[in-house]
Every structure is written in C-alpha cells, then in structure tokens.
Chemist: 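Questions regarding the structure given below will be posed in turn.
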Amino acid sequence: MANDSNKFQAIISHCKEYGFIFPSSEIYDGLSAVYDYGQYGSELKKNIRDYWWKWMTQLHENIVGIDAAIFMHPTTWKASGHVDNFSDPMIDNKDSKKRYRVDHLIEAHAETLPKEEGEALLAKMDQFLAKEDFGGLKSFIEENKIKCSVSGTCNWTDVRQFNLMFSTEFGAVSGEGDDNMVYLRPETAQGIFVNFLNVQKTGRMKIPFGIAQVGKAFRNEIVARQFIFRMREFEQMEMQFFIRPGTQKQWYEYWKEERMKWHLSLGIPASRYRFHDHVKLAHYADAACDIEYDFPIGFKEVEGIHSRTDFDLRNHQEYSKKKMQYFDNETDEAGKPYGNYIPYVIETSIGLDRTVMMVLSEAYEEQDLSSPEKQDSRVVLKFPPKLSPVKLAILPLMKKDGLPEIARQLMDECKASFRCFYEEKDTIGKRYRRQDAIGTPFCVTIDHQSKEDGTVTIRHRDSMLQERISIRDVKELVEKSIQ
RNA sequence: GCGGAAGUAGCUCAAUUGGUAGAGCGAUAGCCUUCCAAGCUAUAGGUUGCGAGUUCGAGACUCGUCUUCCGCUCCA
C-alpha cells in the first residue's frame with residue numbers, strides 16, 4: 001500500500017497510464033505547469049463541471065449562468081486591482097539566493113527605524129514604485145544598506161517585475177505598442193461583474209440572485225509544481241451572488257454551508273474537509289475562507305468563499321462611468337423601499353482542476369486481494385458513479401456462440417443514455433480489473449445462460465460482488481445510480 | 001532561481017572493469033477458456049533525453065544543455 005507521499009506520485013502515474021492526464025506537449029519535453037486531459041480525464045472533468053453547473057444553476061432558481069470571453073477590455077484589470085496589486089517587483093539576494101518582494105523587503109526595514117524615518121522611507125519607495133523605476137529602487141535599497149536577513153549582505157540582483165497576468169497582442173499586426181495589449185483573464189469573476197447589468201436587466205433578476213460561470217483562467221506562478229494542483233492555465237467554477245448591502249454576513253454563512261453540502265454530496269466524508277478562515281484579507285474582501293480537502297500532500301484549498309463587498313461593481317462604475325446600481329422595490333421595516341444601491345457580492349470560487357484532483361485522491365485505492373493460495377491486488381478508482389468516465393462495460397464472456405451479438409444489442413440500447421465500453425478481448429477477470437482502473441461502476445457479462453433466459457451477470461466495482469439480473473433491467477439500474 | 005538525485009521499449013528495471021542494447025509486465029493479432037490480473041503462439045516497439053568531447057570502440061567516462069523528482073525560496 002502506498003503511503004501518502006507516494007500516493008500522490010502513484011496517482012500521477014495512474015493518470016498518465018490510463019489516459020486521464022498527460023503533461024502538455026510531452027513529445028517536446030513538456031511545458032512546465034501545463035497539463036492535458038486525456039480520454040477519461042476529460043470525461044471525468046466534464047462530469048464534475050456538469051454536476052456543479054446543474055447543482056448551482058438548475059437547483060438554485062435565482063442563479064443563472066453565463067459564458068464570458070477570456071479576452072476582456074484592459075481597463076477591466078485596472079478596475080479589479082489586478083494590474084496594480086499583482087505585478088510586484090522582486091529582488092534576489094545573490095549570496096543567500098533568497099527572493100523578496102521589494103515592497104516587503106523595504107517595509108521590513110522601515111519597521112526597524114524610528115517612526116518618522118520609516119515613514120519617509122516608505123513614502124520614497126512608493127514614489128519609485130509608482131514610476132516603475134526599478135533601477136532607482138535598486139540604488140535606493142543599496143543606499144539605505146538594506147540587507148538580506150539570511151546572508152546579511154547587500155549583494156542584490158536587479159529588480160525584476162513579476163507578472164501575474166499573461167498578456168498578448170490584439171489585432172492582426174504586431175508591434176503597434178501597448179495600445180494593443182490585452183490580458184488573458186486571471187480570474188473569471190470579472191466577466192460576471194461587467195455583465196451584471198446585462199443579465200440583471202434582460203433576465204429581470206431580483207436581488208438576491210447569482211450569476212455562475214465556468215471557464216479558463218491564466219496566471220503566472222512563481223513556483224509551478226504539484227501536478228494539476230497549480231497550473232498556469234486552469235479552470236474555475238465561479239458564482240457571484242448579488243445581495244443587499246448589510247446582509248453580507250448572513251449570505252456568507254449561507255454559502256459556506258451550501259457549498260459544503262455540495263462537497264459532501266460527492267460522497268466524501270466531512271472529516272476530509274475543513275474550513276480555513278483568512279486572517280489577512282485580499283484587497284476586495286471583508287470576509288473570506290477556504291474549503292480545504294485533505295489531499296495526499298496535506299490539506300489544501302479547493303474552493304474559496306469570499307465576501308467581496310461592493311468593491312468590484314463600485315470600481316467598474318468608477319472606471320466605466322456606467323451606473324452599476326440596482327433599484328430595490330422591497331420595503332424595509334419602516335415601509336420605505338430600499339431604493340438604489342450598488343449590490344454587495346458573495347463569491348464562491350472552486351478550482352475545477354483541483355476538484356478533479358480531489359475526486360481522484362478520494363477515489364484512488366490500491367487493494368491487496370491476496371488469499372492463502374494466491375497473491376492478488378488491484379487498483380480501483382471508486383468514483384461516485386455519476387462522475388465516472390464510463391458508466392457501464394459490456395463484456396461477452398466469449399467472442400463466439402452469438403454472445404457478442406447480444407452484447408452489441410445491449411450496447412446499442414444503452415449508449416445513447418450514458419457512456420458504455422464494449423470489450424471482448426482477454427479473460428473476464430482481466431477485463432474487470434481494467435474497468436476498475438478507470439473507475440467504471442458496473443460491468444455486465446453476457447454468457448450462454450443469457451441466450452436461454454435473458455439474464456446477465458452484473459458486477460459491482462467497489463464490492464466486486466456479482467448478481468444475476470434480467471438484461472432488460474440493466475439500463476434502468478445504471479441510470480438510477482448516476483442520477 | 002539555488003542545492004541534491006535521476007533520465008535505457010508504454011510501465012518497472014537489466015546490461016561484467018568501456019566491446020553488437022535485454023527481460024518481465026503491458027500492447028496488438030490469433031489459440032485455449034463458462035465469471036475476477038500473471039495458460040499457449042506470434043508480432044510490433046529503443047539514434048540509451050539532446051549536443052559535443054575522450055577512445056579503435058561510449059548506455060557507461062568528461063563537459064554543456066533540457067526535463068523530471070526531492071528540499072529551499074515565492075505565492076491573493
């Protein structure tokens with residue numbers, strides 16, 4: 001049995017070996033922190049995405065979905081704070097090899113000085129930062145003899161920019177300067193905010209209501225490792241819930257609970273989850289927490305729930321000069337309508353790729369099936385049936401005597417309703433184990449008795465138990481289990 | 001980015017002190033089989049990560065380079 005540190009590696013290998021996840025551009029040695037989903041991985045991912053989408057939009061009557069473009073007007077990212085807050089200059093100490101954010105380094109130094117001197121230092125720093133004068137910043141650090149806390153030296157590299165956002169050029173002709181630069185979105189949320197009015201008006205949405213979206217987002221990471229856990233290109237499943245100002249506390253609590261219900265509905269025990277409250281809040285939030293799952297590499301964030309106040313809509317109103325207001329006809333305790341306001345927002349944001357990783361981690365199991373007579377083992381992915389890439393494997397016991405024909409008939413009957421897999425090669429046990437490895441919940445075997453009385457053996461993945469049922473009941477049994 | 005380790009078939013690994021690259025599993029095709037992997041036969045698959053160098057001769061030795069893993073660093 002793999003221990004936890006090996007389990008992560010084992011899952012990665014398994015994913016590659018059975019067509020779930022491959023390193024991107026592998027024939028060219030791969031591309032760091034980018035991965036491709038293979039034939040089963042893409043099914044699994046799609047099933048998770050669909051389940052989330054249905055749960056959020058179909059089961060919550062006041063939530064609708066959109067699909068905004070990845071390209072957005074560059075001003076979007078000024079309004080959201082991404083341009084200013086996430087392009088931090090960095091500097092490395094050549095002796096200790098330690099890397100610092102320049103502002104953190106100078107701030108730490110300022111704290112050691114008398115108050116007035118420290119403030120003067122920070123004011124000067126802000127001037128350099130505002131001008132993006134990196135050369136000046138370096139000299140400034142050297143003049144003030146700011147040292148590395150590890151090496152104690154002043155031996156610094158040049159100041160370099162860390163860019164969170166990927167940028168590209170808009171327009172067919174390159175080299176026309178910064179005017180043509182657009183970013184690949186670093187989060188999907190802004191696509192919802194810029195469409196707030198469109199959706200609210202055309203959908204006649206009344207507060208409280210939500211807008212959901214699933215889509216790709218792109219971020220440069222300083223250290224990009226840990227498989228699909230931290231990727232440069234990743235997929236988010238987000239919902240922004242618009243509410244009346246002052247009610248954010250109660251809705252924040254509501255969505256914490258509601259989202260946890262979703263997680264538990266995957267059949268994952270509550271003990272594998274925990275909430276982690278943010279102490280240091282991001283620039284847009286007045287409350288925030290993560291839902292963390294106990295991965296083989298420890299508890300890690302899968303989903304974030306943030307109370308974003310009216311930060312985003314207010315900023316978009318300021319930058320776009322368009323009113324981001326909602327007129328609330330409902331009356332308060334005094335009998336007066338609430339009137340015009342910029343809604344507050346509760347955000348739920350879950351990483352789809354991380355959820356795939358979570359579902360894989362939970363499902364992956366190496367089992368020792370040895371008996372006194374014989375050594376035996378299997379690897380099984382115990383997915384919830386509704387998430388399994390393949391729902392049913394149809395296996396004629398032998399490829400003769402008319403058994404394949406019966407199997408093909410069943411295949412034709414079922415394949416329009418859910419994904420089936422047909423196989424007549426190899427011994428039956430081998431075929432069962434191959435299906436275990438990709439997490440297929442059911443296998444049916446057609447034998448000679450099937451010809452006589454129309455029954456088949458259905459074999460259950462987790463228990464490995466077999467039962468005899470009518471071939472006519474197979475489809476319904478599978479359908480019930482994947483609802 | 002730094003330090004350490006490792007790159008040989010799809011996977012796991014061999015290959016005497018430098019002398020023509022092999023095996024098991026897997027895959028494919030067939031045979032045999034009445035229900036839980038490792039029965040039989042055949043076949044395919046490798047410029048030993050890449051590039052130089054030393055040598056009569058390099059998978060092995062030297063240098064460079066790329067990638068991966070582990071640790072450090074960084075991270076809303």
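Reminder, nothing fancy here: chain letters follow the sequence lines and each chain counts from 1.
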Chemist: Would the distance check show the side chain of A:E424 and the main-chain N or O of A:P396 forming a donor-acceptor pair, the cut-off being under 3.5 Å?
Modeler: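 Absent.
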Chemist: Check each residue of residues 452-461 of chain A for a non-hydrogen atom within less than 4.0 Å of any atom in RNA chain B, then write out the ones that pass by number, or none.
Modeler: A:T457, A:R459
Chemist: Looking at A:F71, I'd like to know if its CZ atom is crowded, meaning that more than 12 non-hydrogen atoms belonging to other residues, nucleotides or ligands lie closer than 6.0 Å.
Modeler: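 No, CZ of A:F71 has 12 or fewer neighbouring heavy atoms, counting only those of other groups under 6.0 Å.
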Chemist: Round to the nearest Å and state the distance from A:Q190 atom CD to B:A76 atom C1'.
Modeler: 13 Å
Chemist: Which is true for A:R468 with a 4.0 Å heavy-atom rule: it touches a base, it touches only sugar-phosphate, or it touches nothing?
Modeler: base
Chemist: Sort out for me which residue in A:L44, A:I11, A:L360 forms a side-chain contact (heavy atoms from CB on, under 4.5 Å) with A:I21.
Modeler: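 Only one option passes, and that is A:L360.
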Chemist: Listed by chain and number, what are the side chain to side chain donor-acceptor pair (under 3.5 Å) partners of A:S361, not counting sequence neighbours?
Modeler: none
Chemist: Quote, to the nearest angstrom, the P distance that separates B:A14 from B:A6.
Modeler: 12 Å
Chemist: Please report the distance, rounded to the nearest Å, between CZ in A:F22 and P in B:G10.
Modeler: 14 Å
Chemist: Given that A:Q466 and A:T427 both sit by RNA chain B, which one's nearest nucleotide is further toward the 5' end?
Modeler: A:Q466
Chemist: For A:E17, report the nucleic acid contact type (base, sugar-phosphate, nothing); a contact means any heavy atom under 4.0 Å.
Modeler: nothing
Chemist: Would you please name every residue forming a side chain to side chain contact (heavy atoms under 4.5 Å, CB included) with A:A363, sequence neighbours left out?
Modeler: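 Per chain and number, A:A363 pairs via side chain to side chain contact (heavy atoms under 4.5 Å, CB included) with A:L381, A:F383.
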Chemist: Between A:K45 and A:D353, does any side-chain N to carboxylate O distance fall below 4.0 Å?
Modeler: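 Looking at A:K45 and A:D353, the cut-off is met.
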Chemist: With a non-hydrogen cut-off below 4.0 angstrom, is A:S13 in contact with a base, only sugar-phosphate, or nothing?
Modeler: nothing
Chemist: Where each pair must be Watson-Crick or G-U wobble with both distances under 3.5 Å, what dot-bracket representation of RNA chain B is obtained, with crossing pairs in [ ] and other-strand partners as |?
Modeler: (((((((..((((.....[..)))).(((((.......))))).....(((((..]....))))))))))))....
Chemist: The criterion is ring-ring contact (aromatic ring centres under 6.0 Å, His included); which residues satisfy it with A:Y18, sequence neighbours excluded?
Modeler: A:H14
Chemist: Separation of A:K399 atom NZ from B:C31 atom P, in whole Å?
Modeler: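 In whole Å, B:C31 P and A:K399 NZ are 6 Å from each other.
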Chemist: Please tell me which of A:L397 and A:H306 maps to the more 5' nucleotide of RNA chain B, matching each residue to the nucleotide holding its nearest heavy atom.
Modeler: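 Its nucleotide being nearer the 5' end, the pick is A:L397.
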Chemist: Check whether A:R378 reaches the backbone of A:D436 with its side chain - one donor and one acceptor, N or O, closer than 3.5 Å.
Modeler: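 Checked: no pair found.
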Chemist: List the residues meeting side chain to side chain donor-acceptor pair (under 3.5 Å) with A:R468, not counting sequence neighbours, and say none if there are none.
Modeler: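 Result, side chain to side chain donor-acceptor pair (under 3.5 Å) vs A:R468: A:D447, A:T455, A:T457.
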